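Here the structure is a predicted model, which is why all the values come from computation and not from measurement. Every chain is numbered from 1 and lettered A, B, ... according to where its sequence line falls, protein lines coming before strand lines.
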Number of protein chains: 2
Amino acid sequence: MHGEMAPGQALTLRGIGKEFGVSMTPAREAVRRLAAEGALSLSTSGRVSTPELTRDRIEELAALRALLEVELASRALPRAHMALIDRLQSINMAVAEMVTKRDAVGYIRSNLEFHRTLYLRAQAPAMLAMAETVWLQLGPTMRALYGRLRRTEPPHYHRLIIAALKAGDEPGLRLAVRSDVTQGLRLLVT
Amino acid sequence: MHGEMAPGQALTLRGIGKEFGVSMTPAREAVRRLAAEGALSLSTSGRVSTPELTRDRIEELAALRALLEVELASRALPRAHMALIDRLQSINMAVAEMVTKRDAVGYIRSNLEFHRTLYLRAQAPAMLAMAETVWLQLGPTMRALYGRLRRTEPPHYHRLIIAALKAGDEPGLRLAVRSDVTQGLRLLVT
DNA sequence: CGGGAAAGTTTGTGATCACATAAGCTCATG
DNA sequence: CATGAGCTTATGTGATCACAAACTTTCCCG
């Protein structure tokens with residue numbers, strides 16, 4: 001999810017087991033679970049690797065993010081008090097720091113933390129779980145993306161999100177979230 | 001997914017294995033995968049059972065169905081030719097027959113087939129997979145619902161969906177799908 | 001007659017193993 | 001130098017087992 005692995009990276013059950021000090025059995029269960037969620041892909045012969053997404057699949061997952069996260073943000077809006085907004089701002093500073101440090105994994109991690117912190121207020125666990133499943137599928141691809149583009153400025157749309165939350169502006173919030181979510185992936189596709 | 005099991009029904013790995021003529025190992029993998037998708041729930045001690053959803057969770061899953069399936073229908077609309085509409089109408093007759101036969105499982109199965117047939121045209125496999133994950137989570141609950149209410153009339157909104165497809169009426173289609181998807185579950189909540 | 005402790009049973013977990021297959025490598029050949 | 005056949009290695013699969021924890025049943029005592 002955090003882009004620690006590149007797309008197409010191969011894994012083995014014995015390797016995973018050794019890495020975590022267990023046998024193949026728990027490694028297999030973890031792999032099968034992640035494969036069921038789309039976070040890993042299994043070849044026809046059962047080999048395990050991180051997925052290499054096609055352009056179409058990336059666009060579809062971006063559309064899913066927009067669909068789910070706009071709804072989550074909208075549901076969080078009436079419950080978003082000042083303490084939450086403060087936390088979002090502080091997380092956003094961490095995001096900006098990761099940008100200057102060119103730390104792709106740190107950037108993805110803190111960026112997702114920003115979103116999750118907001119969505120937790122929506123009180124919609126099933127919806128949040130679905131959004132996280134999409135994040136999981138996009139993890140390696142996001143790594144490839146943010147490793148490619150050389151950003152220097154902190155995320156613009158995060159400030160719009162915070163502003164819309166402060167103003168209680170639901171249409172503005174929906175637009176800001178949708179833009180933030182689709183912006184990055186749009187660059188990858190071109 | 002098809003409501004063959006009641007909510008809260010317990011399962012054992014050995015029992016599943018025996019039922020399918022395999023050992024515990026493949027049974028475990030299947031159970032863990034289904035649990036990851038929310039189709040089964042694992043107790044803290046690892047016991048397996050179908051989920052018993054709370055009212056809040058049912059409402060949330062209904063909202064998710066609406067969100068995802070409205071989008072899928074909308075994407076399918078421009079590709080929906082006469083052959084598809086014919087197929088939908090024939091599936092819809094099967095649905096009506098299941099209603100008169102009071103066959104809950106058959107009803108759920110053919111009803112979902114109706115929706116899946118339409119959504120396949122959307123060419124959005126990740127989105128369809130998410131919708132099916134929601135169906136999977138709702139399976140046992142739907143069984144309990146359709147076992148409770150004694151319907152006699154065939155699904156009204158399916159005809160609206162077909163009519164909107166014929167007319168190329170996107171707003172009408174969105175409304176019809178949203179109504180169809182939320183209608184049944186609304187009854188359960190009250 | 002009720003309740004709880006103890007014995008017995010069921011159940012999930014993780015490890016290990018044999019096996020079949022896929023992947024990688026070596027080496028001879030054109 | 002490229003190429004492919006044959007061999008070696010690596011890898012996933014499913015079965016089985018020992019163990020610990022949880023659940024069920026039994027039985028005894030208040």
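Nearest heavy atom pair, residue B:Thr50 against residue B:Pro140, reads CB-CG, 3.9 Å.
A:Thr133 places a side-chain N or O within 3.5 Å of a backbone atom of A:Ala129 that can act as its donor or acceptor partner.
A salt bridge links B:Glu71 with B:Arg75: at least one charged nitrogen is closer than 4.0 Å to a carboxylate oxygen.
In this structure, CZ of B:Arg33 is placed 13 Å from P of D:dT13, rounded to the nearest angstrom. Distance, B:Glu29 CD to C:dG14 C1': 13 Å, rounded to whole Å. B:Leu42 places its CG atom 15 Å from the C1' atom of D:dA22, with the value rounded to the nearest Å.
For B:Asn111, the side chain to side chain donor-acceptor pair (under 3.5 Å) test picks out B:His158, with sequence neighbours left out.
Here A:Arg65 contributes atom CZ and A:Gln137 contributes atom CD; the two are 12.0 Å apart, rounded to the nearest 0.5 Å. One finds the OG1 atom of A:Thr117 at 3.5 Å from the CD1 atom of A:Ile91 (value rounded to the nearest 0.5 Å).
Of the candidates D:dT13, C:dA23, C:dT13, C:dT13 carries the atom nearest the B:Arg32 side chain, counting heavy atoms from C-beta on.
Looking at heavy-atom distances under 4.0 Å, B:Arg28 makes contact with a base.
Within residues 9-26 of chain A, the residues that place at least one heavy atom under 4.0 Å from DNA chain D are, in residue-number order, A:Leu11, A:Thr12, A:Leu13, A:Arg14, A:Met24.
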